[in-house]
Amino acid sequence: MAALGRTSAELAERLLAGDTRALARAISLVEDDDPEGWALVQKVYPRTGGAAIAGLTGPPGVGKSTLIGALVRSARERDRQVAVLSIDPSSPFTTGALLGDRIRLSEHFLDPGVFIRSMASRGSLGGLSEATLQAALLMDGSGKDEVLLETVGVGQADVDIIDHADTVVLALQPGSGDSIQALKAGVMEIPDIIVVNKADHPLADTMVREIRGILSLGRQTGWRIPIVRTEAAENRGIDELVEKIEAHRAHIEAEGTLAERRRRNLENEVMTLAALRLRRRLEESTRDDPAMRELLNEVVARRVDPATAAARLLEREV
Ligand SMILES: Nc1nc2c(ncn2[C@@H]2O[C@H](COP(=O)(O)OP(=O)(O)OP(=O)(O)O)[C@@H](O)[C@H]2O)c(=O)[nH]1
Ligand SMILES: [Mg+2]
(Lines give C-alpha, C1' and ligand atoms only; values in the text may rest on other atoms or scores of the structure.)
(Ligands and ions follow the chains in the order given, each with its own letter.)
Protein backbone atom coordinates (compact mmCIF):
# COMPACT_ATOMS: atom_id res chain seq x y z
CA MET A 1 0.00 0.00 0.00
CA ALA A 2 1.45 3.34 -1.03
CA ALA A 3 2.13 5.88 1.65
CA LEU A 4 0.04 8.97 1.36
CA GLY A 5 2.15 11.57 -0.44
CA ARG A 6 1.86 15.22 0.40
CA THR A 7 -0.50 15.95 -2.48
CA SER A 8 -2.80 13.06 -1.67
CA ALA A 9 -2.81 13.93 2.03
CA GLU A 10 -4.00 17.34 0.95
CA LEU A 11 -6.51 15.73 -1.40
CA ALA A 12 -7.87 13.65 1.48
CA GLU A 13 -8.24 16.77 3.64
CA ARG A 14 -10.12 18.59 0.92
CA LEU A 15 -12.33 15.56 0.30
CA LEU A 16 -13.15 15.24 3.99
CA ALA A 17 -14.03 18.93 4.03
CA GLY A 18 -16.61 18.27 1.32
CA ASP A 19 -14.73 19.63 -1.70
CA THR A 20 -16.46 18.17 -4.75
CA ARG A 21 -13.47 18.46 -7.07
CA ALA A 22 -11.33 16.55 -4.60
CA LEU A 23 -14.01 13.84 -4.47
CA ALA A 24 -14.09 13.60 -8.27
CA ARG A 25 -10.30 13.36 -8.42
CA ALA A 26 -10.20 10.70 -5.70
CA ILE A 27 -12.79 8.57 -7.48
CA SER A 28 -10.79 8.80 -10.71
CA LEU A 29 -7.76 7.52 -8.84
CA VAL A 30 -9.58 4.43 -7.54
CA GLU A 31 -11.15 3.93 -10.95
CA ASP A 32 -7.68 3.89 -12.50
CA ASP A 33 -6.56 1.43 -9.83
CA ASP A 34 -3.93 3.95 -8.77
CA PRO A 35 -2.36 2.94 -5.43
CA GLU A 36 -2.89 6.51 -4.25
CA GLY A 37 -6.60 5.92 -4.61
CA TRP A 38 -6.45 2.97 -2.21
CA ALA A 39 -4.35 5.00 0.20
CA LEU A 40 -6.97 7.75 0.09
CA VAL A 41 -9.74 5.33 0.99
CA GLN A 42 -7.62 4.11 3.90
CA LYS A 43 -7.33 7.64 5.16
CA VAL A 44 -10.99 8.53 4.61
CA TYR A 45 -12.52 5.28 5.88
CA PRO A 46 -12.66 6.17 9.60
CA ARG A 47 -14.85 9.12 8.65
CA THR A 48 -17.36 7.06 6.66
CA GLY A 49 -20.60 5.60 7.93
CA GLY A 50 -22.44 8.89 8.30
CA ALA A 51 -24.35 8.79 5.04
CA ALA A 52 -27.68 7.07 4.60
CA ILE A 53 -27.08 4.69 1.70
CA ALA A 54 -29.96 3.65 -0.49
CA GLY A 55 -29.57 1.33 -3.47
CA LEU A 56 -31.92 1.23 -6.43
CA THR A 57 -31.84 -1.88 -8.52
CA GLY A 58 -34.00 -3.30 -11.27
CA PRO A 59 -34.04 -4.36 -14.91
CA PRO A 60 -32.77 -2.06 -17.67
CA GLY A 61 -35.05 0.79 -18.60
CA VAL A 62 -37.54 0.59 -15.71
CA GLY A 63 -36.75 4.16 -14.75
CA LYS A 64 -34.08 3.84 -12.07
CA SER A 65 -32.22 6.97 -13.16
CA THR A 66 -35.45 8.93 -13.46
CA LEU A 67 -36.44 7.80 -9.95
CA ILE A 68 -33.03 8.81 -8.64
CA GLY A 69 -33.37 12.21 -10.30
CA ALA A 70 -36.69 12.65 -8.47
CA LEU A 71 -35.21 11.44 -5.17
CA VAL A 72 -32.34 13.90 -5.53
CA ARG A 73 -34.80 16.73 -6.15
CA SER A 74 -36.69 15.77 -3.01
CA ALA A 75 -33.49 15.56 -0.95
CA ARG A 76 -32.38 18.97 -2.16
CA GLU A 77 -35.72 20.46 -1.17
CA ARG A 78 -34.89 19.27 2.34
CA ASP A 79 -31.42 20.77 2.00
CA ARG A 80 -29.67 17.42 2.10
CA GLN A 81 -26.33 16.87 0.36
CA VAL A 82 -26.51 13.96 -2.08
CA ALA A 83 -24.15 11.77 -4.07
CA VAL A 84 -25.27 9.44 -6.83
CA LEU A 85 -23.26 6.47 -8.06
CA SER A 86 -24.64 4.79 -11.18
CA ILE A 87 -23.13 1.48 -12.10
CA ASP A 88 -23.30 0.66 -15.76
CA PRO A 89 -23.03 -3.10 -16.20
CA SER A 90 -22.39 -2.93 -19.92
CA SER A 91 -18.93 -2.76 -21.36
CA PRO A 92 -16.83 0.19 -20.30
CA PHE A 93 -16.82 1.21 -23.95
CA THR A 94 -20.52 1.85 -24.39
CA THR A 95 -21.79 5.24 -23.47
CA GLY A 96 -25.51 4.74 -23.99
CA ALA A 97 -26.57 4.37 -20.37
CA LEU A 98 -24.14 7.03 -19.21
CA LEU A 99 -25.51 9.43 -21.77
CA GLY A 100 -29.04 8.57 -20.62
CA ASP A 101 -28.10 9.38 -17.04
CA ARG A 102 -26.64 12.64 -18.16
CA ILE A 103 -29.98 13.66 -19.61
CA ARG A 104 -32.06 12.21 -16.75
CA LEU A 105 -30.01 13.92 -14.08
CA SER A 106 -29.08 17.05 -16.01
CA GLU A 107 -31.09 19.43 -13.83
CA HIS A 108 -28.79 18.55 -10.92
CA PHE A 109 -25.43 18.93 -12.63
CA LEU A 110 -24.92 22.55 -11.66
CA ASP A 111 -26.05 22.09 -8.07
CA PRO A 112 -22.99 22.02 -5.77
CA GLY A 113 -25.02 20.01 -3.25
CA VAL A 114 -25.28 17.12 -5.68
CA PHE A 115 -22.45 14.89 -6.84
CA ILE A 116 -23.10 12.45 -9.68
CA ARG A 117 -20.81 9.79 -11.02
CA SER A 118 -21.27 6.89 -13.42
CA MET A 119 -18.93 3.93 -13.45
CA ALA A 120 -18.64 0.73 -15.40
CA SER A 121 -18.90 -2.40 -13.29
CA ARG A 122 -16.89 -4.60 -15.57
CA GLY A 123 -13.30 -3.85 -16.32
CA SER A 124 -10.73 -5.80 -18.26
CA LEU A 125 -9.00 -6.79 -15.01
CA GLY A 126 -12.17 -7.39 -13.05
CA GLY A 127 -11.07 -4.64 -10.72
CA LEU A 128 -13.74 -2.09 -11.42
CA SER A 129 -16.39 -3.65 -9.24
CA GLU A 130 -13.99 -3.18 -6.35
CA ALA A 131 -13.57 0.42 -7.42
CA THR A 132 -17.31 1.01 -7.16
CA LEU A 133 -17.17 0.10 -3.48
CA GLN A 134 -14.21 2.43 -2.97
CA ALA A 135 -16.10 5.21 -4.74
CA ALA A 136 -19.13 4.73 -2.51
CA LEU A 137 -16.89 4.98 0.56
CA LEU A 138 -15.28 8.16 -0.74
CA MET A 139 -18.73 9.70 -1.31
CA ASP A 140 -19.76 8.75 2.21
CA GLY A 141 -16.54 10.18 3.65
CA SER A 142 -17.01 13.46 1.84
CA GLY A 143 -19.87 14.27 4.18
CA LYS A 144 -22.89 13.62 1.96
CA ASP A 145 -26.12 13.06 3.87
CA GLU A 146 -27.33 10.57 1.32
CA VAL A 147 -25.62 8.27 -1.15
CA LEU A 148 -27.81 6.78 -3.87
CA LEU A 149 -26.57 3.74 -5.77
CA GLU A 150 -28.03 2.60 -9.09
CA THR A 151 -27.39 -0.89 -10.44
CA VAL A 152 -29.03 -3.12 -12.99
CA GLY A 153 -30.16 -6.49 -11.73
CA VAL A 154 -28.22 -8.46 -9.21
CA GLY A 155 -25.24 -10.75 -9.07
CA GLN A 156 -23.56 -9.30 -12.13
CA ALA A 157 -20.43 -7.99 -10.52
CA ASP A 158 -17.84 -9.55 -8.23
CA VAL A 159 -18.48 -7.04 -5.52
CA ASP A 160 -22.17 -6.36 -5.58
CA ILE A 161 -22.39 -2.73 -4.67
CA ILE A 162 -26.08 -3.03 -3.84
CA ASP A 163 -25.06 -5.06 -0.78
CA HIS A 164 -23.43 -1.92 0.53
CA ALA A 165 -26.82 -0.19 0.84
CA ASP A 166 -28.73 0.22 4.10
CA THR A 167 -32.00 0.22 2.21
CA VAL A 168 -32.52 -1.66 -1.04
CA VAL A 169 -35.26 -0.52 -3.42
CA LEU A 170 -36.25 -2.80 -6.28
CA ALA A 171 -37.84 -1.01 -9.22
CA LEU A 172 -40.09 -2.96 -11.58
CA GLN A 173 -42.44 -2.01 -14.36
CA PRO A 174 -45.83 -3.42 -15.27
CA GLY A 175 -45.85 -6.13 -17.87
CA SER A 176 -42.42 -7.50 -17.07
CA GLY A 177 -43.25 -11.03 -15.99
CA ASP A 178 -39.57 -11.98 -15.88
CA SER A 179 -38.92 -9.87 -12.82
CA ILE A 180 -41.89 -11.39 -11.03
CA GLN A 181 -40.62 -14.87 -11.86
CA ALA A 182 -37.14 -14.00 -10.62
CA LEU A 183 -38.59 -12.67 -7.38
CA LYS A 184 -40.72 -15.78 -6.97
CA ALA A 185 -37.87 -18.15 -7.71
CA GLY A 186 -35.71 -16.40 -5.15
CA VAL A 187 -33.14 -15.46 -7.81
CA MET A 188 -33.70 -11.89 -6.78
CA GLU A 189 -33.06 -11.12 -3.14
CA ILE A 190 -36.12 -9.75 -1.44
CA PRO A 191 -35.65 -5.98 -1.25
CA ASP A 192 -36.78 -3.61 1.50
CA ILE A 193 -39.07 -1.61 -0.73
CA ILE A 194 -40.61 -2.41 -4.12
CA VAL A 195 -41.45 0.30 -6.60
CA VAL A 196 -43.81 -0.28 -9.49
CA ASN A 197 -42.78 2.53 -11.81
CA LYS A 198 -44.68 3.59 -14.95
CA ALA A 199 -47.77 3.00 -12.84
CA ASP A 200 -49.94 4.63 -15.50
CA HIS A 201 -49.60 1.35 -17.41
CA PRO A 202 -52.88 -0.65 -17.59
CA LEU A 203 -51.20 -3.70 -16.02
CA ALA A 204 -49.96 -1.83 -12.95
CA ASP A 205 -52.70 -3.13 -10.63
CA THR A 206 -52.16 -6.70 -11.78
CA MET A 207 -48.48 -6.38 -11.07
CA VAL A 208 -49.01 -4.98 -7.58
CA ARG A 209 -51.36 -7.91 -6.83
CA GLU A 210 -48.82 -10.43 -8.11
CA ILE A 211 -46.05 -8.93 -6.01
CA ARG A 212 -48.29 -8.95 -2.93
CA GLY A 213 -48.98 -12.61 -3.56
CA ILE A 214 -45.29 -13.44 -3.70
CA LEU A 215 -44.46 -11.40 -0.61
CA SER A 216 -47.21 -13.10 1.38
CA LEU A 217 -45.45 -16.42 0.82
CA GLY A 218 -42.17 -15.15 2.23
CA ARG A 219 -40.94 -15.09 5.79
CA GLN A 220 -42.70 -12.45 7.87
CA THR A 221 -40.37 -10.03 9.57
CA GLY A 222 -40.89 -6.87 11.59
CA TRP A 223 -40.70 -4.88 8.38
CA ARG A 224 -43.60 -5.16 5.95
CA ILE A 225 -42.22 -4.58 2.47
CA PRO A 226 -44.17 -1.72 0.98
CA ILE A 227 -45.11 -1.59 -2.70
CA VAL A 228 -45.04 1.97 -3.96
CA ARG A 229 -46.49 3.05 -7.29
CA THR A 230 -44.63 5.80 -9.05
CA GLU A 231 -44.55 7.68 -12.32
CA ALA A 232 -41.03 8.91 -11.99
CA ALA A 233 -41.09 10.91 -15.21
CA GLU A 234 -44.07 12.87 -13.86
CA ASN A 235 -42.70 13.10 -10.32
CA ARG A 236 -45.73 11.14 -9.05
CA GLY A 237 -45.46 8.87 -6.03
CA ILE A 238 -42.02 10.21 -5.13
CA ASP A 239 -43.11 11.67 -1.78
CA GLU A 240 -44.44 8.28 -0.79
CA LEU A 241 -41.24 6.58 -1.88
CA VAL A 242 -39.16 9.05 0.14
CA GLU A 243 -41.44 8.44 3.12
CA LYS A 244 -40.96 4.66 2.84
CA ILE A 245 -37.19 4.95 2.50
CA GLU A 246 -37.09 7.09 5.64
CA ALA A 247 -39.49 4.78 7.45
CA HIS A 248 -37.28 1.81 6.60
CA ARG A 249 -34.24 3.61 7.90
CA ALA A 250 -36.03 4.57 11.11
CA HIS A 251 -37.12 0.95 11.47
CA ILE A 252 -33.64 -0.54 11.13
CA GLU A 253 -32.18 2.11 13.40
CA ALA A 254 -34.77 1.45 16.09
CA GLU A 255 -34.40 -2.31 15.89
CA GLY A 256 -30.61 -2.21 15.91
CA THR A 257 -30.63 -4.01 12.57
CA LEU A 258 -28.79 -1.16 10.84
CA ALA A 259 -25.64 -1.95 12.80
CA GLU A 260 -26.17 -5.67 12.28
CA ARG A 261 -26.76 -5.23 8.60
CA ARG A 262 -23.70 -3.06 8.14
CA ARG A 263 -21.60 -5.58 9.99
CA ARG A 264 -22.85 -8.37 7.74
CA ASN A 265 -22.34 -6.29 4.60
CA LEU A 266 -18.82 -5.29 5.61
CA GLU A 267 -17.92 -8.86 6.46
CA ASN A 268 -19.15 -9.82 3.02
CA GLU A 269 -17.07 -7.13 1.40
CA VAL A 270 -13.92 -8.19 3.24
CA MET A 271 -14.44 -11.84 2.30
CA THR A 272 -15.24 -11.03 -1.32
CA LEU A 273 -12.20 -8.81 -1.71
CA ALA A 274 -9.96 -11.39 -0.07
CA ALA A 275 -11.34 -14.16 -2.29
CA LEU A 276 -10.84 -12.02 -5.39
CA ARG A 277 -7.23 -11.36 -4.46
CA LEU A 278 -6.60 -14.98 -3.65
CA ARG A 279 -7.90 -15.95 -7.05
CA ARG A 280 -5.75 -13.36 -8.77
CA ARG A 281 -2.72 -14.56 -6.85
CA LEU A 282 -3.44 -18.18 -7.77
CA GLU A 283 -3.84 -17.26 -11.42
CA GLU A 284 -0.59 -15.33 -11.42
CA SER A 285 1.43 -17.97 -9.62
CA THR A 286 0.20 -20.80 -11.81
CA ARG A 287 0.20 -19.08 -15.19
CA ASP A 288 3.61 -20.31 -16.37
CA ASP A 289 4.01 -23.13 -13.91
CA PRO A 290 4.89 -26.49 -15.53
CA ALA A 291 3.65 -28.39 -12.45
CA MET A 292 0.26 -26.76 -12.84
CA ARG A 293 0.19 -27.62 -16.54
CA GLU A 294 1.06 -31.20 -15.65
CA LEU A 295 -1.71 -31.32 -13.04
CA LEU A 296 -4.22 -30.02 -15.58
CA ASN A 297 -3.04 -32.60 -18.10
CA GLU A 298 -3.88 -35.25 -15.56
CA VAL A 299 -7.36 -33.78 -15.12
CA VAL A 300 -7.87 -33.63 -18.88
CA ALA A 301 -6.68 -37.25 -19.21
CA ARG A 302 -9.28 -38.17 -16.53
CA ARG A 303 -6.68 -39.52 -14.15
CA VAL A 304 -7.19 -36.82 -11.48
CA ASP A 305 -10.64 -35.36 -10.85
CA PRO A 306 -11.09 -31.54 -10.67
CA ALA A 307 -11.79 -31.50 -6.91
CA THR A 308 -8.63 -33.46 -6.11
CA ALA A 309 -6.65 -31.17 -8.41
CA ALA A 310 -8.06 -28.10 -6.64
CA ALA A 311 -7.12 -29.55 -3.26
CA ARG A 312 -3.55 -30.20 -4.47
CA LEU A 313 -3.30 -26.68 -5.87
CA LEU A 314 -4.36 -25.18 -2.54
CA GLU A 315 -2.05 -27.43 -0.54
CA ARG A 316 0.80 -26.17 -2.61
CA GLU A 317 -0.21 -22.51 -2.30
CA VAL A 318 -1.00 -22.10 1.35
N1 LIG B 1 -44.23 6.18 -19.23
C2 LIG B 1 -43.29 6.34 -18.32
N3 LIG B 1 -41.99 6.39 -18.70
C4 LIG B 1 -41.05 6.56 -17.75
C5 LIG B 1 -41.38 6.68 -16.38
N6 LIG B 1 -40.24 6.79 -15.67
C7 LIG B 1 -39.23 6.75 -16.58
N8 LIG B 1 -39.72 6.61 -17.82
C9 LIG B 1 -38.94 6.54 -19.07
O10 LIG B 1 -38.31 5.28 -19.18
C11 LIG B 1 -37.09 5.38 -19.89
C12 LIG B 1 -35.95 4.76 -19.10
O13 LIG B 1 -35.72 5.52 -17.92
P14 LIG B 1 -34.36 5.47 -17.10
O15 LIG B 1 -34.58 6.29 -15.90
O16 LIG B 1 -33.21 5.79 -17.96
O17 LIG B 1 -34.33 3.94 -16.75
P18 LIG B 1 -33.12 3.12 -16.07
O19 LIG B 1 -33.77 2.03 -15.29
O20 LIG B 1 -32.22 4.04 -15.35
O21 LIG B 1 -32.39 2.55 -17.35
P22 LIG B 1 -30.92 1.89 -17.43
O23 LIG B 1 -30.03 2.68 -16.52
O24 LIG B 1 -30.54 2.03 -18.86
O25 LIG B 1 -31.09 0.48 -16.99
C26 LIG B 1 -36.88 6.86 -20.14
O27 LIG B 1 -37.28 7.16 -21.46
C28 LIG B 1 -37.80 7.51 -19.14
O29 LIG B 1 -38.22 8.78 -19.54
C30 LIG B 1 -42.79 6.64 -16.02
O31 LIG B 1 -43.16 6.73 -14.84
N32 LIG B 1 -43.67 6.46 -17.01
MG1 LIG C 1 -30.13 4.34 -15.50
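Start at 1 and go down the list; that is how both ligands and their atoms are numbered. One-based numbering along the sequence shown.
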For Leu67, which part has a heavy atom under 4.0 Å from ligand 1: side chain, backbone, both, or neither?
neither
Checking heavy atoms under 4.0 Å, the part of Glu150 that sits near ligand 1 is side chain
Parallel, tilted or perpendicular: which fits the ring planes of Trp223 and His251, with parallel below 30° and perpendicular above 60°?
tilted
With heavy-atom distances below 4.0 Å as the criterion, list the atoms of ligand 1 near [X].
| X | result |
| --- | --- |
| Ala232 | 6 (N), 31 (O) |
| Glu231 | 31 (O) |
| Pro60 | 25 (O) |
| Val152 | 25 (O) |

Inspect the contact between [Y] and [X] and indicate whether a charged nitrogen and a carboxylate oxygen are less than 4.0 angstrom apart.
| X | Y | answer |
| --- | --- | --- |
| Asp19 | Arg25 | no |
| Glu130 | Arg280 | yes |
| Asp111 | Arg73 | no |
| Arg264 | Glu260 | no |

For the Mg ion (ligand 2), does an N/O/S atom of Ser86 lie at less than 2.8 Å?
no
Ignoring hydrogens, just give me the one of Lys198, His201, Arg236 whose non-hydrogen atom is nearest atom 8 (N) of ligand 1.
Lys198
Please determine if Val62 has a nitrogen or oxygen closer than 3.5 Å to a nitrogen or oxygen of ligand 1.
yes
Does Arg78 have more than 12 heavy atoms from other residues, nucleotides or ligands lying within 6.0 Å of its CZ?
yes
In terms of heavy-atom contacts, Leu67 and Ala171 come closest through CD1-CB, 3.9 Å
Identify, by name, the N, O or S atom of Glu150 lying closest to the Mg ion (ligand 2).
OE2
